[in-house]
Amino acid sequence: MLVTGIGLSGQIKLKSSKVLIVGSGGLGCPSAVYLAAAGVGEITLVDYDEVELSNLHRQILHTEDDLGEPKVQSAYDKLHCINRNIRIIPVNQLLDSNRMKLIMSKTKYDVVIDGSDNVATRYLLNDSCVLNGVPLVSGSALQTEAQLTVFNHQNGPCYRCLFPVPPPPETVTSCGDGGVLGPVPGVIGVLQALEAIKIIVGLNGLLSQRLLLFDGINSTFRNVKLRSRNPNCAVCGDNPTITDLIDYEQFCRASAHDKVGNIDIVDESSNVSVQELFKQLGKKIVIDVRPKVQFEMCHLTHTVNIPFDDIIKADGVLKIQQLINNITVQEVYVICRRGNDSQRTIRFLHDTHQDSMMDLKNVRGGLHAYSQYVDADFPVF
Amino acid sequence: MKITVEFGGGAELLFDNKKHYDVELPENTEWTLGRLLFWLKDNLLKERPELFLQDNSVRPGILVLINDTDWELMDTVKYEIQPNDSILFISTLHGG
């Protein structure tokens with residue numbers, strides 16, 4: 001309230017404002033902390049997920065005591081302790097078009113914060129914000145880099161103006177797979193709260209029509225100038241073709257969460273169970289195709305690491321052949337984290353080395369299944 | 001002609017995992033950004049060209065910035081590259 005430009009009127013605007021925060025993760029948590037503490041009158045939190053140990057390095061509202069709890073409940077409890085004079089509404093749901101419509105029809109939000117983790121939800125939030133005339137503060141992070149911008153504000157561009165066509169699904173990496181350094185989304189989540197406060201209070205200097213690029217390794221912020229609103233944009237253009245929310249999972253050919261689905265691309269006869277693997281450890285050759293860094297973190301004894309990337313791009317195939325020539329066994333087990341890359345390895349080798357004597361077996365469900373059904377002490381991440 | 005080419009947001013993975021290249025372009029021709037895209041594909045790209053280029057432009061999800069300005073404001077592929085330009089290819093992130 002003491003800050004020039006905020007004052008009493010700014011504080012009253014904050015108290016009477018309503019903010020929707022989608023995602024109670026690495027971006028949503030820090031964002032919510034600052035908005036609650038700033039006295040935003042009503043904060044709605046939407047997330048469908050439960051707290052996992054691997055979330056805690058970045059999702060700062062959750063603790064070890066909250067493992068297994070819905071993230072919105074855990075976030076609600078902490079935010080309520082920070083500020084008891086505001087209303088916090090937890091919504092434990094996976095967002096789709098119908099649920100989003102319902103949420104937006106009940107409340108007129110001043111700002112929506114995009115702290116989601118997938119492409120489909122990003123398009124959903126964008127279109128919904130355009131159709132309801134609400135500014136969208138969009139943050140994203142992966143590994144050591146992050147991006148931040150404000151869409152659909154004072155005639156600036158929307159997400160679709162920038163990205164009329166969704167990216168090919170194979171080019172999208174999630175934090176769960178690629179990893180993310182905790183403070184990186186932290187920085188952006190905090191800045192999302194700042195942009196939201198500026199929008200509510202009515203300050204200038206917003207990141208509308210600008211994109212902030214944060215590189216955590218080089219400690220650089222780069223502020224780049226973006227295009228204007230596209231008059232031909234499908235949703236915010238002068239003659240929009242999208243006038244109602246669509247099916248965003250279909251549009252993006254990707255699901256509205258960042259959980260990895262299981263593929264099934266090898267013959268049933270090529271699958272073995274984790275129990276069978278357990279019996280054969282030390283007897284059969286077992287190739288672990290995870291990246292080297294994951295193998296170093298944890299692996300089963302009597303397994304050899306030949307990463308999937310090396311098999312398709314480098315000398316991995318040669319290493320496999322040497323391994324097999326050295327020993328007379330021909331049946332080879334292939335394992336990875338969840339049982340997807342192991343299948344891809346088998347398919348790749350089957351397609352490219354049909355003359356090989358290798359009889360490759362996929363360990364179904366990978367090390368996650370091993371931890372679940374054989375040895376609960378084997379770490380999962 | 002000397003220019004700087006940079007990659008970020010994961011686009012560097014296609015370019016030997018290097019984020020910064022000092023590039024010397026042959027002087028014998030006029031350089032548009034469209035021509036540069038194919039030069040990069042032939043000279044610096046290490047893998048999976050379809051994840052960089054599609055239909056004679058960058059694939060959906062990559063932003064091109066010329067001296068920190070969106071190439072949509074600079075005539076996109078028709079932009080005429082000037083000495084010491086800095087061209088940044090940034091893959092958009094979705095995690096959070």
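Below, chain A is the first sequence line, B the second, and so on; all start at residue 1. Note that these values count all heavy atoms, side chains included, but never hydrogens, waters or copies made by symmetry.
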Neighbour count above 12 (heavy atom, 6.0 Å) for A:Y34 OH
no
Decide yes or no for B:H94 and A:V119: does some side-chain heavy atom of the first lie under 4.5 Å from some side-chain heavy atom of the second?
yes
For chain B, which candidate among A:G25, A:S138, A:A141 shows the most heavy-atom pairs at distances under 4.5 Å?
A:A141
Toward chain A, the part of B:E50 with a non-hydrogen atom under 4.5 Å
neither
Kindly determine whether B:D70 and A:V224 satisfy side chain to side chain contact (heavy atoms under 4.5 Å, CB included), including the steps that lead there.
CA-CA 7 Å; B:D70 192 339; A:V224 300; over 6 Å; no
State, to 0.1 Å, how close B:G96 and A:L27 come at their nearest heavy-atom pair, and which atoms those are.
CA-CD1, 3.6 Å
Where do A:E145 and B:K19 land on the side chain to side chain contact (heavy atoms under 4.5 Å, CB included) test, with the steps shown first?
CA-CA 12 Å; A:E145 287 184 56; B:K19 285 185 171 176; 3.0 Å; yes
What are the two closest non-hydrogen atoms of A:P168 and B:P60, and how far apart are they?
CD-O, 3.7 Å
Whatever's closer than 4.5 Å to a heavy atom in chain B on A:D215 counts as side chain
Structural part of B:I90 lying under 4.5 Å from a heavy atom of chain A:
side chain
A:P164 portion near chain B, given a 4.5 angstrom heavy-atom threshold:
neither
Distance check, rounded to the nearest 0.5 Å: B:T69 atom OG1 versus A:L226 atom CG?
9.5 Å
Per-residue contact mode, A:R227 against chain B (heavy atom under 4.5 angstrom):
both
For B:S91, does its backbone N or O pair with a side-chain atom of A:Q147 as donor and acceptor, under 3.5 Å?
yes
Contact class of A:I188 relative to chain B, heavy atoms under 4.5 angstrom
neither
Flag yes if more than 12 heavy atoms outside A:K313 fall under 6.0 Å of its NZ atom; otherwise flag no.
yes
Is the closest basic N to carboxylate O distance between A:K225 and B:E72 below 4.0 Å?
no
Pairs satisfying salt bridge (Lys or Arg N to Asp or Glu O under 4.0 Å), at least one member in residues 59-69 of chain B, at least two apart:
A:R222-B:D68
Examine whether an atom of A:V180 lies under 4.5 Å from a heavy atom of chain B, and if so say whether it belongs to the side chain, the backbone or both; otherwise answer neither.
neither
B:L63/A:L211 under side chain to side chain contact (heavy atoms under 4.5 Å, CB included): CA gap, chis, key distance, verdict
CA-CA 11 Å; B:L63 285 178; A:L211 173 68; 3.7 Å; yes
Let me know if A:Y159 has heavy atoms under 4.5 Å from chain B in its side chain, its backbone, both or neither.
side chain
Max heavy-atom pair count under 4.5 Å with chain A, selected residue of B:E6, B:R48, B:Q54:
B:E6
Using heavy-atom distances under 4.5 Å, tell me whether A:R58 contacts chain B through its side chain, its backbone, both, or neither.
side chain
Is the number of heavy atoms from other residues, nucleotides or ligands under 6.0 Å of B:D55 CG greater than 12?
no
B:H20 side, atom NE2; A:N218 side, atom CG - distance, nearest 0.5 Å
10.5 Å
